[in-house]
Undergrad: 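Dumping the structure here so I can ask a few things about it.
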Amino acid sequence: MTATVTSEATEPGGAGEASGLRFPDGFVWGAATASYQIEGATTEDGRGPSIWDTFSRTPGKVYAGHTGDVACDHYHRYREDVAMMADLGLAAYRFSVAWPRIRPDGTGPVNTRGLDFYDRLTDELLGKGIEPLVTLYHWDLPQTLQDRGGWANRETALAFAEYAQVMYAKLGDRVQTWTTLNEPWCSAYLGYASGRHAPGITDPVATFRAVHHLLLAHGLAVEALRGAGARTLGITLNPSEVQPLDPSNAADREAARIVDGLNNRIFLDPLVKGAYPEDMRTLMSRFTDLGFIQDGDEKQISQPIDVLGVNFYSPAYVSAKPGAPAAPDAPGTEGIEWRPPVGPVTDMNWQIEPAALTRLLERLQADYGVPLLITENGAAYSDGVHDSRRIEYLDGHLKACLDAISHGVDLRGYFVWSLMDNYEWAEGYAKRFGIVQVDYTTQERMPKDSARWYSDVIRRNGLE
Ligand code: FCB
């Protein structure tokens, strides 16, 4: 088997040698998915309802009322999906566990049939020489916990740490790399500020409570899993690569600083440096008393981690615009305007700018110094199997990774989003990110040109 995320993929003390268009030896190549987006079988084998089951059934919330009830039917087809991964030559696979399969009501009895699914999946992967990388939470919170306040309630953080230990007890003998949360920014700001994602709440007070309790959940789980013997622990964020529209304009620079605070520093500073940034405490205080940040919490959140997962799709440019209302997903951003995308965009209307990924990786390395893993990167296009635009997107972003590595960034691996077309949250099945096409009528999987191309990249550990 090839090197794992855990192993020293790179030269001791820093980034490995990338020569020309080749990646360092041991660079980990994978693909990513998430439970609610692919599994289906939402009422099977004792799974309880999640906030996405509820949200997707709420009229007007998701494109065409699509739900994850069937999705890619991966729950039943995981064997053929793993065989497909092996055919593609993947060294690693990042999947998430559906908490409502494990503890259907969030805190009560453990559902062994749910555990068994991930047990079988893990064995199937290992049997094919594919390293499993587990994400413990990719947005499908048990609905019962939401009924008690969800992430706005501190109890959810404690429940998460318990659930994490249940998973570790089951898979810890075989899974080496564990990440706690996927993109807590989305859980907090899309879930509780703009309400574009489940649970669909629009309340800045709940938003900041959610930020804190998500981070606390991470810290509690890391401590517990470390104590239980876990080797490689981390979290996945979607850090913004945010720039002032006019770098020579002080007001634009200030706008970028605030957005950087809300999207990046409010997560990364407590995670890595053990304290919320002062400016973000001040911003939060405009909305709420900060009594929910209890003594010792920040220390708890800053448990050492071994890897920081980075999900990257698109940069952001902001400017000062007096009188502009705050963005719905960014409380406290009155007077700030986001520039609409410029140049080519994907089907998500996300600007394509690979150089922004290089800048982001370099900044993360410089300011936080944790080994990095791209846990998601990819593009939505409805081009069918001849998806040359996706190849171009991926090629550009992998070159951006090589640039970062050659500038000394300790980047250990890359997971394409996504293995296959799947349920794209509020966009339903309308947006296709897969390197493998899924026919949702027949569930037939058909590798796209990008899948063949990615196989070649993996085989040569580099680009052309
Ligand atoms: C990320 C999510 C992932 C997928 C991609 C396109 O924010 O983590 O589930 O939806 O975006």
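For ligands, and for the atoms within them, numbers begin at 1 and follow the listed sequence.
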Undergrad: Any N/O of Glu424 closer than 3.5 Å to an N/O of ligand 1?
TA: yes

Undergrad: Is there a polar contact, in the sense of an N or O pair closer than 3.5 Å, between Trp139 and ligand 1?
TA: no

Undergrad: Check side chain to side chain donor-acceptor pair (under 3.5 Å) between Asp297 and all other residues, then give those that pass, not counting sequence neighbours.
TA: Arg154, His212

Undergrad: I want to check a possible cation-pi pair here: Arg47 against Tyr75, using under 6.0 Å from ring centre and within 45° of the ring axis as the test.
TA: no

Undergrad: Can you tell me if Asn238 contacts ligand 1 (heavy atom of the residue under 4.0 Å from the ligand)?
TA: no

Undergrad: Name the closest protein heavy atom to atom 2 (C) of ligand 1, giving the residue it belongs to and the distance to 0.1 Å.
TA: Glu376 OE1, 3.4 Å

Undergrad: Atoms of ligand 1 less than 4.0 Å from Phe433 heavy atoms?
TA: 6 (C)

Undergrad: Using non-hydrogen atoms of the residue, decide whether His138 is closer than 4.0 angstrom to ligand 1.
TA: yes

Undergrad: Relative to the ring of Trp425, is the ring of Tyr423 parallel (under 30°), tilted (30 to 60°) or perpendicular (over 60°)?
TA: perpendicular

Undergrad: What is the closest protein heavy atom to atom 7 (O) of ligand 1, and at what distance does it sit?
TA: Glu183 OE1, 2.6 Å

Undergrad: Identify the residue among Thr375, Leu373, Leu268, Val272 that makes a side chain to side chain contact (heavy atoms under 4.5 Å, CB included) with Leu308.
TA: Leu268

Undergrad: For the residue pair Trp29 and Phe23, does the interplanar ring angle fall in the parallel (under 30°), tilted (30 to 60°) or perpendicular (over 60°) class?
TA: perpendicular

